[in-house]
Amino acid sequence: MASTDPNCIFCKIIEGKIPSRKVYEDDEIFVFHDIAPWAPVHFMIVPKKHIPSMAQLTPDDAALMGRIMTLAPKLALDEGCRPYPDGGFRVVVNTGNEGGQEVHHLHVHVMGGPRPWLRG
Ligand code: AMP
Ligand code: ZN
């Protein structure tokens, strides 16, 4: 699989060709705020490599996905979510059309902050 897709909006964000509000970046992960947040805190963690969705994951991606999932609680606190258990956050990974996925570059939504939320 090619590591970037020239037609993918999230690949363009990762490459800096489309602006975003960046939260975090390392050699294999990029994190930015959702442009249409559902909650007071709403950012997305994405692999820099273009993986269309969770459906394409292979055992080779286990460490990468582990890093993404363990980054979520740290960044949630950094971005203003209150600590567990009174605070916390929600993680959502929409996958495929029936899964509600609109952008076909794997992304892990992290949402949190005081309720009520706009959605969810
Ligand atoms: P999904 O429905 O899970 O594919 O989520 C795609 C998300 O990407 C939506 O929540 C959008 O608001 C968000 N989104 C789309 N374009 C941008 C953008 N240019 N910058 C930040 N977030 C975006
Ligand atoms: Zn992409």
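What you see is a predicted model; the values in this text were computed from it and never measured. As the structure lists them, so they are numbered: ligands from 1, and atoms in each ligand from 1.
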Next item on the list: Would you mind telling me which of K49, K12, H50 makes a side chain to side chain donor-acceptor pair (under 3.5 Å) with H105?
Entry: H50
Margin query: Does atom CE (M54) have a neighbourhood of more than 12 heavy atoms from anything else shown, all under 6.0 Å?
Written below: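 No, not enclosed.
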Check: Is the ring centre of Y84 less than 6.0 Å from the ring centre of F89?
Finding: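 For Y84 and F89, the ring centres are not under 6.0 Å apart.
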Next item on the list: For residues H42 and H33, establish whether the separation of their ring centroids is below 6.0 Å.
Entry: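 No; H33 has its ring centre 6.0 Å or more from that of H42.
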Next item on the list: Indicate yes or no for a side-chain donor-acceptor contact from E25 to the backbone of F32 under 3.5 Å, with no hydrogens or angles considered.
Entry: no
Checklist line | Donor-acceptor pair, side chain of E79 and main chain of A76, under 3.5 angstrom | finding: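 Pair absent, no side-chain N/O of E79 close to backbone of A76.
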Item checked: Heteroatom count (protein N, O or S) under 2.8 Å of the Zn ion (ligand 2) ->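 Count of protein N, O, S atoms less than 2.8 Å from the Zn ion (ligand 2): 4.
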Next item on the list: Quick one: closest heavy-atom pair of D34 and A36, and the distance?
Entry: OD1-N, 2.8 Å
Next item on the list: Please report the closest heavy-atom contact between P40 and W117, naming both atoms and the distance.
Entry: CD-CD1, 3.5 Å
Note to self: Do the side chains of D26 and R67 get close enough for a salt bridge, i.e. N-O under 4.0 angstrom?
What the structure shows: yes
Check: Heavy atoms under 4.0 Å from ligand 1: which residues qualify?
Finding: I9, F10, I13, F32, H33, D34, I35, A36, M44, N94, G100, Q101, E102, V103, H107, H109
